[in-house]
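Worth saying up front: this structure is predicted, and the values here are computed from it rather than measured. The first residue in the sequence is number 1, and the count goes up from there.
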Amino acid sequence: MIRNRDELATTRARELALSCLEAGIEAARPDRVVAEQVAVEGNALSVAGTRYDLSAYDELVLLGGGKAADAVARALEGVLDDRLDRGLVVTSDPVETDAVEVVEGSHPVPDERAREGARAILDRARDHDERTLLLVSITGGGSALLPLPAGDVRLRDLQAITEALVESGAAIEEINAVRKHLSLIKGGGLARAAAPATVVGLVFSDVVGNDFATIASGPTAPDETTYGDALSVLDRYDVDAPEPVVEHLRAGVAGDYDETPSDGLSHVDNHVLASAWTALSAAEDAVADTEYEPVVLSSRIRGEATEAALSQVAIAEECRATGRPVEPPAVLLSGGETTVTVLGNGEGGPNLEFALRAGIELPEGVVCASVDTDGSDGATDAAGAIVDSATVEDPAAARRALVENDALSVLDDAGALIETGPTGTNVNDLRVLVVE
């Protein structure tokens, strides 16, 4: 899976770190997850332990969006076979499917292809009745890949506000509070349109805490945020929003538009099929047959990437100095989603900034690897990076690069980039610190 593994695995600690990453990503791949979580026995469809009587429905349909939506569709085709009547998903890097139509869109900034795909999905959702069992695959990236502007908001307004919010350092929950109130499909919009069909959400979570309302901006989930909350996010981060965006949100506050549904979605079941814990558990298992002691620090790491890096380096230092919280040799694991407040003009992403900041501080005998499980950190072609105490030769230059948000160039020059290509899944960040 890691294309340049041979170049990176120069020590046993590095090899172990890379094995943990590969095990975690592999465990979260849709073909493996769907095979474990979805099954058909006679006329019963089982999804994460919940059974649905297929004889109660005239048709079985799949809709969805996100970076892994196509891979989920292909996996479902293998399980459901000819029981799946048809489907449509929007994704960023399509794989071949049989019965399900795939529309390619852009991520992280939405494009016209994604908008047309989202429109088609909403139209198809409205076509179904109570005799339809509607599966909805929801994966990370769905917020950008299911854009459907509401009111007088234009696609270019969504593009501009998405870029501004991502660069502002706002948390994903805050970003999505805005996006949900600019969309006809997010914030429960898809579920509301599909009523009275039975809707079953098949969710690959890329957010801390697996909040259905946040994953892909919650197209099948009730939404507790309001137009007022969305305006507050813009104010809090001093976001320069296009005028149609501000006008739409103000009109929503004034009652000109309906709020996103906070209840009334009793026809919907949402199931988390994979999450950060899926990857972390597999990474932990990869250490089981070694003398290293695995410890999962948290699946909920968030905040600025550079600050999170310092915290985890400090834990590794404590292990080496005092044997707390675990006696070395040990492997420290974490998941979640860190953010970057963009102030410079360089290239990078949260995992690259995490790795570079860690690399500046790492003591001898500690290896740190950090990746985005979808295979692309930020807007780069690198999944992340692996570093040790010898990686950063010029700490001052590395610090300047971080100020310019240019971690990519430094890590590339150091031969530290981890290259996987698109992995077909997305359960957010996976980090490994191997402490000798």
Side-chain angles (χ1 to χ4, degrees), residues 1-9 12-39 48 66-79 91-97 137-141 202-207 210 271-290 292 294-296 299 331-337 351 355 367-377 381-386 417-434:
M1 179 186 298
I2 296 176
R3 296 171 176 174
N4 57 337
R5 181 186 177 115
D6 289 345
E7 303 166 23
L8 300 175
R12 187 182 181 204
R14 282 171 160 261
E15 186 174 359
L16 180 57
L18 296 173
S19 294
C20 288
L21 296 180
E22 288 184 321
I25 294 171
E26 182 65 32
R29 286 173 57 89
D31 53 351
R32 182 165 168 177
V33 172
V34 169
E36 293 174 350
Q37 301 269 23
V38 181
K67 291 182 182 180
D70 54 333
V72 174
R74 184 166 64 179
L76 285 169
E77 287 177 343
V79 172
T91 190
S92 55
D93 191 31
V95 299
E96 186 176 349
T97 53
S137 64
I138 301 167
T139 76
L202 311 177
V203 181
F204 282 64
S205 173
D206 69 332
V207 304
N210 303 333
H271 304 279
V272 173
L273 301 189
S275 68
W277 267 111
T278 307
L280 286 168
S281 296
E284 189 176 22
D285 289 343
V287 185
D289 293 332
T290 72
Y292 292 79
V295 174
V296 176
S299 66
V331 176
L332 310 178
L333 302 165
S334 70
E337 182 177 37
N351 290 280
V367 169
C368 172
S370 182
V371 297
D372 191 324
T373 54
D374 67 7
S376 175
D377 188 41
D381 291 329
I386 183 169
L417 298 180
I418 296 174
E419 300 169 2
T420 64
T423 63
T425 191
N426 186 12
V427 291
N428 234 310
D429 303 338
L430 177 59
R431 290 170 289 271
V432 183
L433 280 87
V434 179

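- Taking OG of Ser275 as the start and CG of Asn210 as the end, the distance is 4.5 Å to the nearest 0.5 Å.
- In this structure, Arg5 and Glu15 have side chains that are in contact, with non-hydrogen atoms separated by less than 4.5 Å.
- Expressed to the nearest 0.5 Å, how far OG of Ser205 lies from CG of Leu273 amounts to 10.5 Å.
- Under a 3.5 Å cut-off, the side chain of Thr139 and the backbone N or O of Lys67 do form a donor-acceptor pair.
- Considering CD of Glu419 and CD of Glu7, their distance stands at 7.0 Å, rounded to 0.5 Å.
- Qualifying salt bridge (charged side-chain N to carboxylate O under 4.0 Å, His left out) partners for Glu26, counting only residues two or more places apart in sequence or in other chains: Arg29.
- Here the side chains of Val432 and Leu16 are not in contact, with every heavy-atom distance at 4.5 Å or above.
- Side chain to side chain, Thr97 and Arg74 fail the donor-acceptor criterion of an N or O pair below 3.5 Å.
- Taking the side chain as every heavy atom from C-beta outward, Leu333 and Glu284 approach each other to under 4.5 Å.
- The salt bridge (charged side-chain N to carboxylate O under 4.0 Å, His left out) test applied to Glu77 returns no partner, not counting sequence neighbours.
- Of all heavy-atom pairs spanning Ala27 and Val33, the tightest one is O-CG2, 3.4 Å.
- Residues Val296 and Trp277 are in side-chain contact: their nearest non-hydrogen atoms beyond the backbone lie under 4.5 Å apart.
- Asp429 approaches Glu337 most closely through the heavy-atom pair OD2-CA, 3.5 Å.
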Thr425 and Ile25: CA distance, side-chain angles, deciding distance, side chain to side chain contact (heavy atoms under 4.5 Å, CB included) verdict:
CA-CA 7 Å; Thr425 191; Ile25 294 171; 4.2 Å; yes
Do Asn351 and Asp372 pass the side-chain hydrogen bond (donor to acceptor under 3.5 Å, both in side chains) test, and can you show the C-alpha distance, the side-chain angles, and the key distance before you say yes or no?
CA-CA 7 Å; Asn351 290 280; Asp372 191 324; 4.6 Å; no
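- One distance of note links CG of Asp93 with CG of Asp374; it measures 10.5 Å at 0.5 Å rounding.
- Among all heavy-atom pairs drawn from Ala9 and Arg14, the shortest one is CA-CB, 4.2 Å.
- Residues Ile418 and Leu21 meet the side-chain proximity criterion, which asks for heavy atoms closer than 4.5 Å.
- Residues forming a salt bridge (charged side-chain N to carboxylate O under 4.0 Å, His left out) with Asp70 (at least two apart in sequence, or on another chain): none.
- Residues Gly141 and Asn426 come closest through the heavy atom pair N-ND2, 4.0 Å.
- Heavy-atom contacts from other residues, nucleotides or ligands closer than 6.0 Å to CG of Asn4 number more than 12.
- Arg431 places a side-chain N or O within 3.5 Å of a backbone atom of Gly335 that can act as its donor or acceptor partner.
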Begin with the C-alpha distance, continue with both residues' side-chain angles, and end with the deciding distance and a verdict on side chain to side chain contact (heavy atoms under 4.5 Å, CB included) for Val295 and Val331.
CA-CA 6 Å; Val295 174; Val331 176; over 6 Å; no
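- At a threshold of 4.5 Å between non-hydrogen side-chain atoms, the residues Val367 and Leu433 do not count as touching.
- Put simply, the side chain of Thr278 does not reach to within 4.5 Å of the side chain of Leu280, judged on heavy atoms.
- Annotation: the span from Phe204 atom CZ to Thr373 atom OG1 amounts to 11.0 Å, rounded to 0.5 Å.
- Contact record, Val434 with Ala17: CG2-CB, 3.8 Å, taken as the closest heavy-atom pair.
- Minimum heavy-atom separation, Tyr292 to Val287: O-CG1, 3.4 Å.
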Verify side chain to side chain contact (heavy atoms under 4.5 Å, CB included) between Leu8 and Leu18, making sure each step is shown before the conclusion.
CA-CA 8 Å; Leu8 300 175; Leu18 296 173; 3.8 Å; yes
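- The distance from the CG atom of Asp381 to the OG atom of Ser376 is 6.5 Å, given to the nearest 0.5 Å.
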